[in-house]
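Please read the structure below before turning to the comments.
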Protein chains: 2
Amino acid sequence: MREPWEPATADIELPQVMHALADPARLEIVARLASLDGESCSGTCAGIDLHKSTLSHHYRVLREAGVTHTTIEGRSRRVRLRRDDLAARFPGLLDAVLAAVGPVLADAGS
Amino acid sequence: MREPWEPATADIELPQVMHALADPARLEIVARLASLDGESCSGTCAGIDLHKSTLSHHYRVLREAGVTHTTIEGRSRRVRLRRDDLAARFPGLLDAVLAAVGPVLADAGS
DNA sequence: CGGACAGATTGATATCCGTCCAACCATCAA
DNA sequence: TTGATGGTTGGACGGATATCAATCTGTCCG
């Protein structure tokens, strides 16, 4: 069990991506990932008021939809947006969503 | 009961729009509406193999999310995409989705 | 080794969603 | 008014989802 499963770029499906981005919690996660341009830890340090396991679930949904890429890094996970893959498959979609979700509330971690 | 309810442009919410566009059936409806550039009848003549009431339900979800505008026209309904409103609120989003949903299978009506 | 830590997994629960069916309502034409 | 047509509404039902709580797995440190 090295890297958790995620779909290949060509297998990313629009409805799944849309569904993954249809939840406020996941939208906020994605917005944070975008503002951090890449990395983030999943789980407790996400600054979202949800249970650990709930967060883990949301991260899984995002990953399995092809929105994020997770790298296991010791006992942490590095989660990154699959901007290039998404852009290759659905040009402009992620950018539009990120623009729509608005300025990330920021100041969370930094 | 003249025109069915739909949200004002400023009240269109991203999660609801995303959710409305996260279903294959609704995506196909939207794709058809886009290819027809505007109009369509809801219900039976949509060319989608779903029950009347199911179609009606999907049309309602789209309308209440702010994706479509419905005009009652006798016993029919004219459904149109709210392209301008969507573009004003979430620039590029609908375009990206329409591009992503791919070439509409067409030959539906014409 | 043993404890602390980060997160995943599983189970339970309540809710929501998509679909169908049947009944209903409004409009148009005789 | 009667009947047919296009859609909507409400109920039912199976399946998915979001959430939490508790437990498990794997990693880092001493």
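Below, chains carry the letters A, B, ... as their sequence lines are ordered, and counting in each starts from 1.
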Side-chain H-bond candidate by donor/acceptor type, B:Arg26 with B:His58, under 3.5 Å: yes

message: Quick check for you: among C:dC21, D:dC20, C:dT19, whose closest atom lies nearest to any side-chain atom of B:His57?
response: C:dT19

task: Might you confirm whether atom CG of A:Asp49 has over 12 heavy atoms from other residues, nucleotides or ligands at distances under 6.0 Å?
output: no

query: Is B:Glu6 salt-bridged to B:Arg63, going by a charged N under 4.0 Å from an acidic O?
result: no

- prompt: The side chain of A:Asp23 lies closest to which of these nucleotides: D:dT8, C:dC20, D:dA18?
  reply: D:dA18

- request: Could you please name the option among C:dC21, C:dT19, D:dT9 that lies closest to any side-chain atom of B:His58?
  value: C:dT19

message: With rounding to the nearest 0.5 angstrom, report the CD to CG distance, B:Gln16 to B:Leu21.
response: 11.5 Å

task: May I have the distance from A:Arg60 (atom CZ) to C:dA8 (atom P), rounded to whole angstrom?
output: 9 Å

task: Look at B:Glu28 together with B:Arg32 and state whether they make a salt bridge at an N to O cut-off of under 4.0 Å.
output: yes

- prompt: Taking CG from A:Leu62 and C1' from D:dA18, how many angstroms apart are they, rounded to a whole number?
  reply: 14 Å

Shortest side-chain distance from B:Arg75, nucleotide among C:dG18, D:dG6, C:dC20: D:dG6

- request: Let me know the distance between CG of A:Leu55 and P of D:dC20, rounded to the nearest Å.
  value: 9 Å

message: Of the listed nucleotides (D:dG6, C:dT19, D:dA18), which one gets closest to any side-chain atom of A:Arg26?
response: D:dA18

field: For atom CD of B:Glu73 and atom C1' of C:dT27, their distance in whole Å
entry: 13 Å

task: Specify the separation, in whole Å, of atom CD of A:Glu3 and atom P of C:dA8.
output: 13 Å

- request: Starting at atom CE of A:Met18, determine the distance to atom C1' of C:dC17, rounded to an integer number of angstrom.
  value: 17 Å

field: Most 5' of A:Gly74 and A:His51 on DNA chain D, judged by nearest nucleotide
entry: A:His51

- request: Rounded off to whole Å, could you give me the CH2-to-C1' distance for the B:Trp5 and D:dT9 pair?
  value: 18 Å

Below 4.0 Å: OP1/OP2 of C:dC16 and any side-chain N or O of B:His19: no

statement: The nucleotide from D:dT17, D:dG6, C:dT19 with an atom nearest the side chain of B:Thr54 is C:dT19

message: Nearest to the side chain of B:Arg77, heavy atoms from C-beta on, is which of D:dG7, D:dC20, D:dT5?
response: D:dG7

message: Measure CD/B:Glu64 against P/C:dC17 and give the value in whole Å, please.
response: 11 Å

